[in-house]
Chemist: 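Below are the structure tokens for one structure; questions will follow.
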There are 2 protein chains.
Amino acid sequence: MRRDSRLSGVLHVLLHMAPQPGPFTSETLAKAMDTNPVVIRRIMAGLRELGYVRSEKGHGGGWTLACDLSKVTLRDVYAALGSPSLLAIGNRTEAPGCLVEQAVNAALDQAFRDAEALLLSRLGEVTLAMLGGDLRKRLGSRNVRDINAHHA
Amino acid sequence: MRRDSRLSGVLHVLLHMAPQPGPFTSETLAKAMDTNPVVIRRIMAGLRELGYVRSEKGHGGGWTLACDLSKVTLRDVYAALGSPSLLAIGNRTEAPGCLVEQAVNAALDQAFRDAEALLLSRLGEVTLAMLGGDLRKRLGSRNVRDINAHHA
DNA sequence: ACTCATGAAACATATAAAGTTACATGAGGC
DNA sequence: GCCTCATGTAACTTTATATGTTTCATGAGT
């Protein structure tokens, strides 16, 4: 099954924006992500509604971070995307009349719920600021501004 | 994203087979699952290879359980399906050159691994026999043979 | 007025699960 | 031996959805 990579993508965008003041146009960000500007606008729309980013039109417009990175978790970003389903497997029928199916669903649902809860919990433990910190470690001595160099 | 319901489906099939001796034709099972015989054969193929079920051609042929239900877990069944990916979300790129992407992947991968491990672990705790027991509870006073009645 | 940016709708593409058709293979029953 | 019934398998169709693309409207700045 094809995996939804919007969370991965939007995090990438946010981390690219973090060290510089901005604003960044959708086109700039799209180049960095090797995708289309419209895709950027699409995945950023949810974040704008929750106030994590701002967007402005016209000359000098684009996207700007509008939140405290140490207050926003990966789970928040996930929620901003509309909380798409986390699991690739699921029940055949959601409210079956068949008792067999009910028994199967009950067993699977329990496992599914646990796994989803754990995943959400883990995502809730990581803030964007922490991600940025990890990034700086990976950069080592290099200037933070070089992050985007390879996207030129 | 469309969810893979093969595990749910094959468990349904196995539970339907459990209380009766069989063999069951793909067509019978397909009717019970409201699907196509070829779909049944497809999802049963993996289980046959692992020896959980047997299949026989010709008159009086069909599918027969060939394992100790108390020894086979939902995880085993999942593995018999080829261990399809469990998560609906994932990283944009698996082995990125971009340091930003690496940082994002590292954070997400950890959460993904934990959730997958927990889900597999939960599936490993439930045997087919336990599922059958739960089903009998749901059936209450009714005869086990009535399970399939509504599929007629 | 012109340019640059987002906003949004509409359409195209890619991928994978699920459903379907068609036919080959082999196991009884006659 | 031939016929019927069942699985085995390949090929194709359908459906859902993430992703990509085109197009145009809207509004901000020069």
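In what follows, every chain begins at residue 1, and chains take the letters A, B, ... in the order their sequences are listed. Computation of the quantities below employed the complete heavy-atom set of this structure, encompassing side-chain atoms and omitting hydrogens, waters and symmetry-equivalent molecules.
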Chemist: Report the hydrophobic cluster partners of B:L118, with the cluster defined as I, L, V, M, F, W, Y residues connected by side-chain heavy atoms closer than 4.5 angstrom, directly or transitively.
Modeler: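 Same cluster as B:L118: A:L118.
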
Chemist: Does a side-chain N or O of A:T25 approach OP1 or OP2 of C:dA5 to a distance below 4.0 Å, or not?
Modeler: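 Answer no for this pair, as no side-chain N or O of A:T25 is under 4.0 Å from OP1 or OP2.
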
Chemist: For residues 94-101 of chain A, dump all side-chain donor-acceptor pairs below 3.5 Å to protein atoms at least two apart in sequence or in another chain.
Modeler:
{"residue": "A:E101", "atom": "OE1", "partner": "A:R92", "partner atom": "NH2", "Å": "2.7"}
{"residue": "A:E101", "atom": "OE1", "partner": "B:H12", "partner atom": "ND1", "Å": "2.9"}
{"residue": "A:E101", "atom": "OE2", "partner": "A:R92", "partner atom": "NE", "Å": "3.2"}

Chemist: Return a single string for nucleotides 21-30 of chain C, one symbol per nucleotide in 5' to 3' order, where B is base contact, S is sugar-phosphate-only contact and - is none, cutoff 4.0 angstrom on heavy atoms.
Modeler: B---BBBB--

Chemist: Below 3.5 Å, can you tabulate the donor-acceptor pairs from side chains in residues 35-64 of chain B to any protein atom, sequence neighbours excluded?
Modeler:
{"residue": "B:N36", "atom": "OD1", "partner": "B:V38", "partner atom": "N", "Å": "3.0"}
{"residue": "B:R41", "atom": "NE", "partner": "B:S26", "partner atom": "OG", "Å": "3.4"}
{"residue": "B:W63", "atom": "NE1", "partner": "B:S26", "partner atom": "OG", "Å": "2.9"}

Chemist: Measure from the side-chain N and O atoms of B:N91 to the backbone N and O of B:T93, and report whether any donor-acceptor pair falls under 3.5 Å.
Modeler: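 Judged by distance alone, no pair lies under 3.5 Å.
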
Chemist: Between atom NZ in A:K31 and atom C1' in C:dA5, what is the gap in whole Å?
Modeler: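 Distance, rounded to whole Å: 14 Å.
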
Chemist: By the 4.0 Å heavy-atom rule, please label B:G62 as base, sugar-phosphate, or nothing.
Modeler: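 Sugar-phosphate, backbone atoms only, no base.
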
Chemist: With no hydrogens and no angle check, is any side-chain donor or acceptor of B:D134 less than 3.5 Å from a backbone partner on A:A107?
Modeler: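 Not a single qualifying donor-acceptor pair exists.
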
Chemist: What about B:R2, does its side chain sit under 3.5 Å from the base of C:dA17 through a donor-acceptor pair?
Modeler: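 Present.
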
Chemist: Please, what dot-bracket string fits DNA chain C when only Watson-Crick and G-U pairs with both distances under 3.5 Å count, crossing ones use [ ] and pairs to another strand use |?
Modeler: ||||||||||||||||||||||||||||||

Chemist: With side chain to side chain donor-acceptor pair (under 3.5 Å) as the rule and sequence neighbours excluded, what pairs involving residues 122-133 of chain B come up?
Modeler: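 As it turns out, the side chain to side chain donor-acceptor pair (under 3.5 Å) pairs with a partner in residues 122-133 of chain B, which skip direct neighbours, are A:D114-B:R122.
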
Chemist: Which pairs pass salt bridge (Lys or Arg N to Asp or Glu O under 4.0 Å) with one or both residues in residues 63-74 of chain A, sequence neighbours excluded?
Modeler: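 Output for this query lists A:D68-A:K71.
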
Chemist: Below 4.0 Å from chain A heavy atoms, what is the first contacting nucleotide of DNA chain D and what is the last?
Modeler: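 Boundary nucleotides touching chain A, in 5' to 3' order, are D:dA18 to D:dG29.
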
Chemist: Not counting sequence neighbours, which residues clear side-chain hydrogen bond (donor to acceptor under 3.5 Å, both in side chains) with A:S8? List them please.
Modeler: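 Here no residue qualifies.
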
Chemist: Go through the structure and list residues passing side chain to side chain contact (heavy atoms under 4.5 Å, CB included) with B:L86, not counting sequence neighbours.
Modeler: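 If we apply the side chain to side chain contact (heavy atoms under 4.5 Å, CB included) test to B:L86, skipping adjacent residues, the hits are A:I89, B:Y78, B:E116, B:L119, B:L120.
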
Chemist: Do B:R42 and C:dG19 share a donor-acceptor pair, side chain to base, under 3.5 Å?
Modeler: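 In this structure, the two groups form a donor-acceptor pair.
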
Chemist: Can you list the steps and then say if A:V126 with B:L108 is a side-chain contact (heavy atoms from CB on, under 4.5 Å)?
Modeler: CA-CA 9 Å; A:V126 182; B:L108 291 180; over 6 Å; no

Chemist: Once you round it to whole Å, what is the distance between P of C:dG19 and CG of B:D4?
Modeler: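 Atom-to-atom, B:D4 to C:dG19, this comes out as 11 Å.
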
Chemist: Counting any heavy atom closer than 4.0 Å, what does B:R48 reach on the DNA or RNA strands: base, sugar-phosphate only, or nothing?
Modeler: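 Sugar-phosphate contact only.
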
Chemist: Could you pull out all residues at least two apart from A:D76 that satisfy salt bridge (Lys or Arg N to Asp or Glu O under 4.0 Å)?
Modeler: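 For A:D76 there are no salt bridge (Lys or Arg N to Asp or Glu O under 4.0 Å) partners, ignoring immediate neighbours.
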
Chemist: Once you round it to whole Å, what is the distance between C1' of C:dG19 and CZ of B:R6?
Modeler: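 One finds 14 Å between C1' of C:dG19 and CZ of B:R6, rounded.
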
